[in-house]
Amino acid sequence: MATYDVDMQLRKTGIGVVGDVPWGSHFFMFYETKEDLLDTLVPYFKAGLEAGELCLWVVSEPLTEDDARDALREAVPKFEHYLAERSIEILQGREFYLSGNDLDLARVLRTWTEKTDSALLRGYAGLRISASTAWLERKDRGAFCDYENEVNRSFGNLKITALCSYPLAGSTAAEIFDVARTHQFAIARRNNGWEVVETSELKQAKAEINRLNRELERRVLERTQQLSTVNEEMRKEIIERQRAEEALL
């Protein structure tokens, strides 16, 4: 794997309720309908293409590859150019995650790293992905949860943005909890609008950042007051010296 410095430059998600996020962001959405997916993922990939990112959309029921291409074609100017340049790939989820009939999550993790390295070498700003889990069978949930934990750990060092999509229908309370625990935050549709649901880890991180910012502001204020006092003392000293020199003359 090539080594790259991951800066804190924010990336536009194209999703109004989310706004901009740093590289390494790994979040998810719960959806109920095909329209929920298209309303969120089409602007998400449009923003990535326009920002010079390599995009990879892993689809599953109820979306097909044709659905994804048609929606992007309608929303993204010069989409055929992006498609011809392979700036975006659209793949089937089951085929992407499985080798034969078995999960091959170690290979998937390697693929994300290799795709990111390839994107940077080809001159892209980074990699933007979204993957659906509608194909996932209940017996594989535990292994996939472990995979998502590893994604959280490894993506922090990569120029990659990841938005996972989970079908709300059929998900148990325990599964919803596991999904929330293995991502930085979630978006979900409520009262016909999208809302951000933050995990406890993200809330704690934000609280710590706010605390550090307040501490920094306090120190800056104290330092500014100290400098103001020193400047005032120096000004008085200069005036006194000028008066002394005038008196001698």
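FYI, the numbering just counts along the sequence from 1. For clarity, every value in this text was computed on a predicted model and none was experimentally measured.
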For the student: nearest non-hydrogen atoms of P43 and G14, plus distance: CB-O, 3.4 Å
Excluding sequence neighbours, so at least two apart, what forms salt bridge (charged side-chain N to carboxylate O under 4.0 Å, His left out) with D67? K34
Under 3.5 Å donor-acceptor, T133 side chain and S165 backbone: yes
Could you measure the distance from the CD1 atom of I90 to the OG1 atom of T64? Nearest 0.5 Å is fine. 9.5 Å
L103 and A143: which non-hydrogen atoms are nearest, and at how many Å? CD1-CB, 4.2 Å
Cation-pi, Y44 ring and R128 (6.0 angstrom, 45 degrees): yes
Given ring pair (Phe, Tyr, Trp, His ring centres under 6.0 Å), test F28 with H183 step by step and report yes or no. CA-CA 7 Å; F28 76 98; H183 293 77; 4.9 Å; yes
Counterpart residues, salt bridge (charged side-chain N to carboxylate O under 4.0 Å, His left out), relative to R107 (two or more places apart): D104
Expected output: side-chain Q184 to main-chain G24 donor-acceptor under 3.5 Å: yes
Indicate yes or no for a side-chain donor-acceptor contact from T40 to the backbone of L37 under 3.5 Å, with no hydrogens or angles considered. no
Looking at CG of L127 and SG of C55, how far apart are the two atoms once the value is rounded to the nearest 0.5 Å? 8.0 Å
Euclidean distance, L163 CG relative to M29 CE, rounded to 0.5 Å: 6.5 Å
May I ask you to test the L109-L105 pair for a side-chain heavy-atom distance under 4.5 Å? no
Scanning both residues in full, the closest heavy-atom pair of Y31 with P167 reads CE2-N, 3.4 Å
Residue set satisfying salt bridge (charged side-chain N to carboxylate O under 4.0 Å, His left out) with E240, at least two apart, ordered chain then number -> R243
Testing the basics here: between A134 and S132, what is the closest heavy-atom pair and its distance to 0.1 Å? N-OG, 3.2 Å
Should L72 and I88 count as side-chain neighbours, where that means a heavy-atom distance under 4.5 Å? yes
What is the minimum heavy-atom distance between A125 and W23, and which atoms define it? O-CZ2, 3.4 Å
When rounded to the nearest 0.5 angstrom, what is the spacing between CG in D39 and OG1 in T33? 7.5 Å
Indicate, with yes or no, if the rings of Y97 and W112 have centres closer together than 6.0 Å. no
Would you mind reporting whether V58 and Q92 have side-chain heavy atoms less than 4.5 Å apart? no
Test item: I129 and W57 side chains (from C-beta on) under 4.5 Å apart, heavy atoms: no
Under 3.5 Å, is there a donor-acceptor pair between the S87 and Y124 side chains? yes
Might you point out which heavy atoms bring A71 and L38 nearest each other, and give the distance in Å? CB-CD2, 3.9 Å
Hey, what do you get for CG (L56) to OG (S130), rounding to the nearest 0.5 Å? 9.0 Å
I need the full list of salt bridge (charged side-chain N to carboxylate O under 4.0 Å, His left out) pairs touching residues 9-30, with sequence neighbours left out, sorted by first then second residue. R11-E53
For residues 79-86, tabulate all N or O donor-acceptor pairs below 3.5 Å that involve a side-chain atom, not counting sequence neighbours.
{"residue": "E80", "atom": "OE2", "partner": "R73", "partner atom": "NE", "Å": "2.4"}
{"residue": "E80", "atom": "OE2", "partner": "R73", "partner atom": "NH2", "Å": "3.2"}
{"residue": "R86", "atom": "NH2", "partner": "E89", "partner atom": "OE1", "Å": "3.2"}

Not counting sequence neighbours, which residues clear salt bridge (charged side-chain N to carboxylate O under 4.0 Å, His left out) with E61? List them please. none
Show your reasoning for whether salt bridge (Lys or Arg N to Asp or Glu O under 4.0 Å) applies to E150 and R153. CA-CA 5 Å; E150 182 61 21; R153 187 195 67 79; 2.4 Å; yes
Answer whether the closest heavy-atom distance between the side chains of F27 and C164 falls below 4.5 Å. no
Output the distance between atom CH2 (W135) and atom CD (E95), rounded to the nearest 0.5 Å. 12.0 Å
